[in-house]
Amino acid sequence: MKHNDGFIKVCKNSELKEKIGRRFFVDDVDVALFKVDGQIYALNNVCIHQKAAIIYDGFIEDGKVTCPSHGWQFNLKTGKVPHGVKGLDSYEVKVIEEDIYIKVFRRELRW
Ligand code: FES
């Protein structure tokens with residue numbers, strides 16, 4: 001369901017548990033959604049290392065998510081690897097009343 005400005009409803013806030021990621025397909029984009037200290041973060045779910053679609057299952061600590069496959073870490077907010085410019089796409093999040101909306105883009109649209 002589209003909301004204004006291209007934001008799409010993903011789920012209810014109450015459906016997310018602290019530090020337990022969930023995977024959603026939003027407009028054909030594979031998304032990992034996290035709630036940490038009440039903040040919602042949305043990153044691309046496909047690890048840039050070996051393309052494992054498993055980021056949602058990563059361990060959360062110190063504002064980062066760790067890929068379960070080989071331990072690469074990504075900043076929850078920016079998606080970037082520590083000290084690097086590369087990273088996962090990160091998506092804007094809006095919480096309106098109880099509902100979580102995100103705005104996805106496809107990687108190829110950025111070029
Ligand atoms: S696939 Fe994520 S660290 Fe290797």
Side-chain angles (χ1 to χ4, degrees):
M1 179 175 62
K2 293 251 181 206
H3 198 254
N4 49 9
D5 304 335
F7 281 84
I8 297 172
K9 182 179 162 184
V10 187
C11 66
K12 294 201 170 298
N13 201 345
S14 56
E15 291 172 315
L16 282 182
K17 295 200 183 76
E18 271 284 322
K19 297 192 180 176
I20 298 182
R22 286 190 60 183
R23 180 187 195 182
F24 294 92
F25 285 91
V26 182
D27 228 2
D28 292 334
V29 179
D30 196 345
V31 175
L33 204 62
F34 302 99
K35 173 151 69 176
V36 182
D37 296 330
Q39 275 289 116
I40 312 295
Y41 302 95
L43 297 176
N44 194 281
N45 186 47
V46 182
C47 186
I48 58 169
H49 175 222
Q50 286 189 357
K51 305 282 177 223
I54 199 168
I55 294 297
Y56 76 97
D57 203 23
F59 181 69
I60 309 281
E61 194 177 49
D62 293 337
K64 286 172 288 197
V65 56
T66 302
C67 177
S69 285
H70 318 93
W72 282 32
Q73 292 190 314
F74 303 95
N75 184 293
L76 279 173
K77 205 178 274 185
T78 65
K80 301 273 189 276
V81 298
H83 316 298
V85 290
K86 288 198 309 183
L88 305 169
D89 288 337
S90 75
Y91 307 110
E92 284 181 75
V93 176
K94 267 189 197 176
V95 182
I96 301 175
E97 291 165 6
E98 251 303 280
D99 297 324
I100 296 172
Y101 296 80
I102 69 171
K103 189 176 191 173
V104 294
F105 52 87
R106 297 197 182 93
R107 200 163 254 281
E108 62 268 19
L109 293 182
R110 295 205 294 184
W111 307 24

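Both ligands and their constituent atoms are indexed starting at 1 by order of listing. All of these numbers come straight from a predicted model, not from anything done at the bench. For the single chain, residues carry numbers from 1 onward in sequence order.
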Practice task
Measure the shortest side-chain to side-chain distance between Asp27 and Ile8 over non-hydrogen atoms and say whether it is less than 4.5 angstrom.
Solution key: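 Yes, side chains in contact.
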Which pairs of donor and acceptor atoms, one on a side chain in residues 55-66, lie under 3.5 Å apart (sequence neighbours left out)?
{"unit_1": "Thr66", "atom_1": "OG1", "unit_2": "Gln73", "atom_2": "NE2", "d": "3.1"}

Practice task
Consider only side-chain N and O atoms of Asn44 and Asp89, and report whether a donor and an acceptor are under 3.5 Å apart.
Solution key: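 There is no such pair (donor and acceptor under 3.5 Å, judged by atom type) between the side chains of Asn44 and Asp89.
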Practice task
Starting at NZ of Lys35, measure out to CD1 of Ile20 and round the result to the nearest 0.5 Å.
Solution key: 11.0 Å
Exercise for the section: If the plane angle is over 60° it's perpendicular, under 30° parallel, otherwise tilted; pick one for Tyr91 and Phe105. Expected result: perpendicular
Practice task
Answer yes or no: is there a donor N or O on one side and an acceptor on the other, between the side chain of Arg22 and the main chain of Cys11, under 3.5 Å?
Solution key: no
Exercise for the section: Identify which protein N/O/S atoms are less than 2.8 Å from atom 2 (Fe) of ligand 1. Expected result: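 N, O, S partners closer than 2.8 Å: Cys47 SG, Cys67 SG.
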